[in-house]
There are 2 protein chains.
Amino acid sequence: MSSNHTHNKKNQTLTKNQRIVLNLLQDSGEPLKAYFILDSLKKEGLNSPLQVYRALDKLVELGKIHKVESLNSFIICNNSNCASNTAFTICERCGKVKEIKNNNLTEGVNELVRENKLNITRYNLEFYVVCKSCKIN
Amino acid sequence: MSSNHTHNKKNQTLTKNQRIVLNLLQDSGEPLKAYFILDSLKKEGLNSPLQVYRALDKLVELGKIHKVESLNSFIICNNSNCASNTAFTICERCGKVKEIKNNNLTEGVNELVRENKLNITRYNLEFYVVCKSCKIN
DNA sequence: TTACGTATGTAATAGTATAACATTAGAGGT
DNA sequence: ACCTCTAATGTTATACTATTACATACGTAA
Ligand SMILES: [Zn+2]
Ligand SMILES: [Zn+2]
Ligand SMILES: [Zn+2]
Ligand SMILES: [Zn+2]
């Protein structure tokens, strides 16, 4: 079946489990919970939580997805250069999550870090908001 | 026993459960987990997780403690004016957590928020570091 | 007093994550 | 091709984190 030649090492190293979990997160675009992922992928052959968590761990490590800590959820990275740094807005009302892509923010954080002599290895920023559609209602 | 007159409303409103949980966190200074708190306070009369979680919820709401989301832990607020905004450094090696008190950081974040038009209600910032004692070793 | 909101106590259960161990698949060197 | 090493898998069990539900008590204010 799956012709897993060794081209394209960076992207094609993914195993079957990792790939189907990544695809689900990609298609969804929303933060998903591990057990929801498990339920969704039963038909693809995932049977146990551990299979999901192992795939998630690997994908986080590769920077392809992020964990939204305060939601116990995982979301596709749409930024492609986070290097395990994350910044999200989270709507307090509807739960919608957006990864912040703004370069000003990234630069601003870097500046903050320099100015405050924080010897950091990475960061995780969660900004709680009321999103546009929720503000209307 | 406990003469709970209604003086000093802001601070003395705490109930017995809330008070003993707060005291433990205060004495510890470290982030503690709910079930550790439960075990520690069995002798004080806490029997069930729910008693702990209810106290924790209230104390978070009052701004007296914070939840460290990525550790599933709770820590005393040593800042006194966070208004549910939090900023921590977390050592990746030893797990030591410090609340950032630096006013420059607070102001810097506010600036970031203004510049990026983030309509936020609160934020939670986690900076992963290697702390001094861990860097030596 | 009555009524209301908030806190309690207790039991059960839901939701999140990892440990342990045996097995398999792949990449790289010889 | 064969050996070897590492990483991933499959499976079961278990640990850890948090909430639901419901009955009861307490404090404040009308
Ligand atoms: Zn990202
Ligand atoms: Zn919303
Ligand atoms: Zn604080
Ligand atoms: Zn350390």
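Just so it is clear: chains get the letters A, B, ... in the order the sequence lines come, proteins before strands, and each one is counted from 1. Here the structure is a predicted model, which means the values were calculated and not measured.
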J.: Verify side chain to side chain donor-acceptor pair (under 3.5 Å) between Thr86(B) and Glu99(B), making sure each step is shown before the conclusion.
T.: CA-CA 8 Å; Thr86(B) 59; Glu99(B) 186 167 4; over 6 Å; no
J.: Side-chain N or O of Lys33(A) less than 4.0 angstrom from OP1 or OP2 on dG15(C)?
T.: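 No, outside the criterion.
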J.: Mapping Ser48(B) and Lys67(A) to their closest nucleotides on DNA chain C, which lands nearer the 5' end?
T.: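 It is Ser48(B), whose closest nucleotide lies nearer the 5' terminus.
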J.: Would you say whether Tyr35(A) stacks on dT16(C)? The test is a distance between ring centres of less than 5.5 Å and an angle between planes of less than 30°.
T.: yes
J.: When you measure from the side chain of Pro49(A), which nucleotide among dT8(C), dA17(C), dT9(D) comes out closest?
T.: dA17(C)
J.: Could you tell me how far apart Asp39(A) (CG) and dT16(C) (C1') are, to the nearest whole angstrom?
T.: 13 Å
J.: Could you check whether Glu107(B) pairs with Arg114(B) (Lys NZ or Arg NE/NH1/NH2 to Asp/Glu carboxylate O, under 4.0 Å)?
T.: yes
J.: Rounded to whole Å, please give me the gap between CD in Glu44(B) and P in dG9(C).
T.: 13 Å
J.: Given atom CG of Leu71(A) and atom C1' of dA17(C), what is their separation to the nearest angstrom?
T.: 17 Å
J.: Over how many whole Å does the gap from Lys42(A) atom NZ to dG10(D) atom C1' extend?
T.: 15 Å
J.: Return whichever of Ala34(B) or Gln18(A) has its heavy-atom-nearest nucleotide of DNA chain D closer to the 5' end.
T.: Gln18(A)
J.: Between Arg122(A) and Glu92(B), does at least one N-O distance fall below 4.0 Å, as a salt bridge requires?
T.: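 A salt bridge is present here (some side-chain N lies under 4.0 Å from a carboxylate O).
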J.: Is Asn72(A) close enough to dG15(C) that one of its side-chain N or O atoms is under 4.0 Å from OP1 or OP2 there?
T.: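 Looking at the OP1 and OP2 atoms of dG15(C), neither is under 4.0 Å from any side-chain N or O of Asn72(A).
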J.: Looking only at side-chain N and O atoms, does Asn116(B) offer a donor or acceptor that is under 3.5 Å from a partner on Asn104(A)?
T.: no
J.: Side chains of Ser70(B) and Tyr128(B): do they bring a donor and an acceptor to under 3.5 Å?
T.: yes
J.: Relative to the 5' end of DNA chain D, which residue comes earlier, Leu50(B) or Tyr53(B), by the nucleotide with the nearest heavy atom?
T.: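 The answer here is Tyr53(B).
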J.: Distance check needed: dT24(D) P versus Gln51(B) CD, whole Å only.
T.: 17 Å
J.: Using atom CG of Leu62(A) as one end and atom P of dA8(D) as the other, report the distance to the nearest whole Å.
T.: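 Value for this atom pair: 9 Å.
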J.: Return no unless some side-chain N or O of Asn47(B) is found under 4.0 Å from OP1 or OP2 of dT8(C).
T.: no
J.: Roughly, in whole Å, what's the span from CZ in Arg54(B) to C1' in dT10(C)?
T.: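 Taking CZ of Arg54(B) and C1' of dT10(C), I get 9 Å after rounding.
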J.: Using only side-chain N and O atoms of Thr15(A), determine if any of them is under 4.0 Å from OP1 or OP2 of dA25(C).
T.: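 Indeed not, no polar side-chain atom of Thr15(A) lies that close.
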J.: Rounding to a whole Å, what distance do you find between Lys16(A):NZ and dG26(C):P?
T.: 12 Å
J.: Is Lys58(A) near enough to dA8(D) that one of its side-chain N or O atoms lies under 4.0 angstrom from OP1 or OP2?
T.: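 True: Lys58(A) side-chain N/O within range (under 4.0 Å) of dA8(D) OP1/OP2.
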